[in-house]
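A quick write-up on the structure given underneath.
Here is the naming used below: chain letters follow the sequence lines, and residue numbers restart at 1 for every chain.
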Amino acid sequence: MGIIDNINKLFDHRIRLGIMSILMVNEEADFSRLKELLEVTDGNLASHLKTLEKENYIKVHKQFINRKPNTSYEATKEGKQAFQKHIEALEALISKN
Amino acid sequence: MDQQKYLKDISDIKQMMHRSSRFISLSGWSGIAAGCYAIIGAAVAYFFFLPSGGFLLLDSQNFYAMLLVLAGVAVLSILTAVIITTRKAARENTPIWDRTTQRLLLNFLIPLLTGGIYILIKLTSQHYGLTASLMLIFYGLALVNASRYTLGNVKYLGYVEIVVGLLCAAFPGYGLWFWVFGFGIMHIIYGSIMLVQEKN
């Protein structure tokens, strides 16, 4: 088994990589903040969030703030571990070459 | 062939982590300013309120004057940090009062206020001796506790403050000097490191 096996296909995309990076250092982030940081459209962001959610890498919290619906996201323990492994694999690949 | 892509991924990750949390981390200048205030405050205390020759503070009136100076240092440092951070956030168009900031402040204040109240209680019963040590220890704990909500090296600054505080407790009588080191010199070193990192 090589290092390359630790490269997670799911993170092999700019937006999903970005979402996970943000959720690694912020306990949670809401939809509009993610959108603003990643500079993507609603639909695009929503579909990538869905993918990560399906993998159980992020958790979704829906609530009302001043009667307005607000959706925020949090990385799960599993997601954080997977992302950490991915970063380590990237670093290993870079230093190997 | 993939080398470039991996490198880009890593730098994207770093940039995104930075951008999404940087505004809540104290800027280098706030640290340096806080360090300078602390040293000036300590100098004022040393030359005006410390009984000549001795390092033990038994005269309570002078001691309270010194406490006022310390409180002044704290207020000035916090004001400077708030002003610098707010301006930086406005410049980078990032909201300053979001839930991460609230959590950061809450987690910072719980150990800090606990320590502050504890010190005040001890002071009212004439336990002056460990004030500097307790300030350093609780400040360090506050930093370590808050560091989960920000990037950067705040955690390590916190560890250093705790160690300095403990050493301070082990060497009674030299409180002022440990205080100058912990709050003055360490903040200036920390601020300078942050400045260098921000430039990269």
Side-chain angles (χ1 to χ4, degrees), chain A residues 2-40 45 48 52 61 63 65-66 70-75 79-80 82-97, chain B residues 1-27 85 88-110 143-158 194 197-198:
Chain A
I3 307 165
I4 199 100
D5 298 326
N6 281 334
I7 289 287
N8 195 325
K9 281 275 178 301
L10 219 68
F11 300 135
D12 208 4
H13 185 282
R14 189 188 74 87
I15 296 171
R16 290 196 288 268
L17 193 82
I19 294 169
M20 286 310 289
S21 307
I22 294 166
L23 294 179
M24 287 294 277
V25 291
N26 292 276
E27 190 159 324
E28 56 178 38
D30 62 15
F31 191 86
S32 58
R33 175 126 174 83
L34 288 173
K35 195 181 140 189
E36 174 192 299
L37 280 163
L38 295 162
E39 294 163 351
V40 282
L45 179 58
H48 288 299
L52 290 170
H61 303 285
Q63 57 189 350
I65 295 178
N66 300 328
N70 175 286
T71 313
S72 63
Y73 301 87
E74 180 191 344
K80 284 187 176 177
F83 194 66
Q84 193 60 44
K85 236 169 114 181
H86 180 70
I87 295 178
E88 278 159 18
L90 285 176
E91 282 172 343
L93 282 167
I94 291 166
S95 62
K96 211 178 106 185
N97 290 322
Chain B
M1 154 222 135
D2 283 338
Q3 179 87 355
Q4 287 304 316
K5 196 196 153 329
Y6 297 145
L7 270 175
K8 200 189 162 297
D9 277 5
I10 289 276
S11 87
D12 280 355
I13 292 170
K14 277 194 186 144
Q15 195 205 350
M16 208 29 89
M17 286 181 167
H18 220 63
R19 242 208 0 226
S20 64
S21 67
R22 184 170 55 165
F23 65 98
I24 48 170
S25 67
L26 286 177
S27 91
T85 311
K88 197 168 129 193
R91 214 168 40 231
E92 291 174 3
N93 230 345
T94 35
I96 188 156
W97 192 241
D98 69 355
R99 244 178 303 163
T100 317
T101 325
Q102 289 165 17
R103 288 231 171 84
L104 173 90
L105 275 183
L106 184 71
N107 280 279
F108 182 65
L109 287 177
I110 290 171
L143 288 178
V144 173
N145 204 36
S147 70
R148 278 180 289 151
Y149 300 95
T150 174
L151 265 190
N153 306 319
V154 176
K155 201 193 298 169
Y156 302 107
L157 179 66
M194 287 288 286
Q197 282 182 348
E198 277 166 27

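The distance from the CD1 atom of A/I15 to the CG atom of B/D12 is 11.5 Å, given to the nearest 0.5 Å.
Of all the heavy atoms in A/I94 and B/I10, the pair that sits closest is CD1-CG1, 3.8 Å. Here the closest non-hydrogen pair linking B/D9 and A/L17 is O-CD2, 3.7 Å. Between A/L37 and B/M16 the shortest heavy-atom distance is O-CE, 3.6 Å.
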